[in-house]
Amino acid sequence: MRALMQERQLLISTLIDHAALNHPTVEIVSRTCEGAEHRTDYKTVRSRALKLAKALIKLGVKDGDRVGSLAWNTHRHLELYYAVPGMGAVLNTVNPRLFAEQIEYVINHAQDNVLFFDITFAELITELRPRLLSTATFVVMTDRAHKPPGLDNCLCYEDLIEAEEDDYQWPQFEETRASSLCYTSGTTGNPKGVLYSHRSTVLHSFTACSMDGLQLSSQDSVLLIVPLFHVNAWGVPYASAMCGAKLVLPGPWLDGQSLFNLLRAERCSVSIGVPTVWLGLLKFIEENPHLISEKLTLARVLVGGSAAPRALIERLHHILGVTTIHAWGMSETSPLGTIGNLLPKHRSLPLDEQITIRAKQGRPIYGVEVHIADEQGERLPRDGKTAGHLKVRGPWVASGYFRGEGGEVLDADGWFATGDVASIDEDGYVQITDRSKDVIKSGGEWISSIDLENAAIAHHAVQEAAVIGLAHSRWQERPLLVVVARPGIEVTSEQILAFLSPRVAKWWLPDDVVFVKELPHTATGKLQKVQLREQFKTFVFSSDRPEAAPTRSDVNAATNNG
Ligand code: ADP
């Protein structure tokens, strides 16, 4: 029997319509690429998005066409978030931190008809333009006064808007239609396109606004540090319109001081970013201790994208007095997959134990089913100890990549293999131990590089740490700890190993520690371990050199296999 409920489609245009009607004066504050502060509100964002949609139609954009953006977090990029999907086209947000060849690949692969770009990227676009074969129109996202020289063959964003009225009516269509296209970082091979739908985006927004989700609400002022060019900024721009939260957009200004100033001036209650962003902010505050007394209104930070080390959660708590919500996800999961909120039984635990739980990646939210499996695909127990390949399924999980890249990605039951290794405990808390390709296989057991990195980063002299598995003649692989020391602090390998010794299982202890000036990162700020393994491929562990006396591996192994 068919139900008697209205079959209104879940369209992105309904989000901005709702916000403009019910939260019309809620502010959207941006630091623009031109350096100015810009203030607008949901009503104006909608009005300008409608004008832009009309302009896009005049430029020849049709249903399903791709419109690219190469831009920072500003009000104009937010307007594109509504204008492009709203009129039935697909917004392809291109990550400017990719290499130029990858940017060219993405724009050509997506076949963007029109490309919007910030003034910061004028030179890059001039260089790439002859090779962007599908792109007929280029629009620089500024006004005429700030249009950089040499862009005569580009349109100007504000001119497009000025020329239109906001009397456009959003078209109605099926919610399963594509709305946006974001490419993965392509750490191995070319980036692959994840194609989101209106339906997946709206359903995902409900989760972001739920109490066990990201807890976004009309009470919030959100400093959105995660970029609009990566996984729809974790869906937060759409969720914010759904609940009427104020949005604060930092533009290209992501240093500790700029972020601190915005948090203070805009009385932000929540902020969202990857761990390195928080490390930058905390460093700035520690270098300017007088600022700590300036009470921030920040109550919680959402951290994800790579593991939030326990030491970071502690520092955020002790220095800023904020609660960390740790989330796991990926481009292919829109990205929210698991979210780390505490259960009632955890409330009475000492802070230390609460932080242990917060350092896990959180529990599955409704909409994303998760399980772990062994090499043969057999399900593994939810005992908090057994680690296996993490698989996910749900209405905002990808079913394949754009234009069939990567082939079939789901198994026969519709599960997507995330490429992550994790354990899941009885309460459903997922703990990511590694990416499958980064896990260290030592003497038949797995060592988690993430756990070792998190333990190392707790040492006061360690600014950043990466652990990679390298070949070992006896144990197959052993961990090498690569450290960037804090400037001005002397530290030795022995001191770091002595620090780690009581904190990790004996057989996990890295065989060697080496110091480097910096670590390689991907375009989304993750450690580039492929490159690091390449860099150290000729490294021979001290325990594996011919002259080596009884070694750390031997001592470790006695505990490992005993
Ligand atoms: P890519 O870098 O390929 O574009 P994403 O940006 O989508 O991929 O990142 C997804 C990956 O980031 C996950 O598969 C996982 O390995 C890692 N990741 C995301 N959040 C966390 C987290 N909270 N803890 C540990 N790893 C995480």
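Indexing begins at 1, ligand by ligand and atom by atom, following the structure's order.
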*Would you call T522 a ligand 1 contact, heavy-atom distance under 4.0 Å?*
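It does not; every heavy atom stays at 4.0 Å or beyond.
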
*Would H109 and Y183 count as a ring pair (Phe, Tyr, Trp, His ring centres under 6.0 Å) if you check the C-alpha gap in whole Å, the side-chain angles of each, and the deciding distance to 0.1 Å?*
CA-CA 10 Å; H109 189 269; Y183 282 71; 5.8 Å; yes

Between ligand 1 and [X], is the shortest N or O to N or O distance under 3.5 Å?
{"X": "G305", "result": "yes"}
{"X": "Q361", "result": "yes"}
{"X": "H230", "result": "yes"}
{"X": "E332", "result": "no"}

Which option, [options], owns the non-hydrogen atom nearest [atom]?
{"atom": "atom 11 (C) of ligand 1", "options": "R435, H326, K526", "value": "R435"}
{"atom": "atom 15 (C) of ligand 1", "options": "N95, D420, V274", "value": "D420"}
{"atom": "atom 23 (N) of ligand 1", "options": "A422, A307, G304, A327", "value": "A327"}

Within the 4.0 Å heavy-atom shell around [X], which atoms of ligand 1 are there?
{"X": "M330", "answer": "7 (O), 10 (C), 14 (O)"}
{"X": "T524", "answer": "2 (O)"}
{"X": "S331", "answer": "4 (O), 5 (P), 7 (O)"}

For the student: nearest non-hydrogen atoms of [X] and [Y], plus distance:
{"X": "T386", "Y": "I372", "answer": "O-CD1, 3.4 Å"}
{"X": "W234", "Y": "H204", "answer": "O-CE1, 3.4 Å"}
{"X": "I355", "Y": "I313", "answer": "CG2-CG2, 4.0 Å"}
{"X": "V430", "Y": "A422", "answer": "CG1-CB, 3.9 Å"}

*Run through I285, V277, L279 and flag the one making a side-chain contact (heavy atoms from CB on, under 4.5 Å) with L281.*
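Among the candidates, only I285 passes.
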
*Run the salt-bridge test on R478 and D512 with the 4.0 Å N-O cut-off and return the result as yes or no.*
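A salt bridge is absent here (no side-chain N lies under 4.0 Å from a carboxylate O).
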
*Location of contacts on T184 toward ligand 1, heavy atoms closer than 4.0 Å*: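 The answer is both.
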
*Proximity to ligand 1 by part of S185, non-hydrogen separation under 4.0 Å*: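 Both the backbone and the side chain of S185 come within reach of ligand 1.
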
_A side-chain contact here means heavy atoms from C-beta on lying under 4.5 Å apart; do W328 and D420 qualify?_
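In short, these two side chains touch, coming nearer than 4.5 Å.
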
*Would you say the ring centroid of H346 lies under 6.0 angstrom from that of Y429?*
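Yes; Y429 has its ring centre under 6.0 Å from that of H346.
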
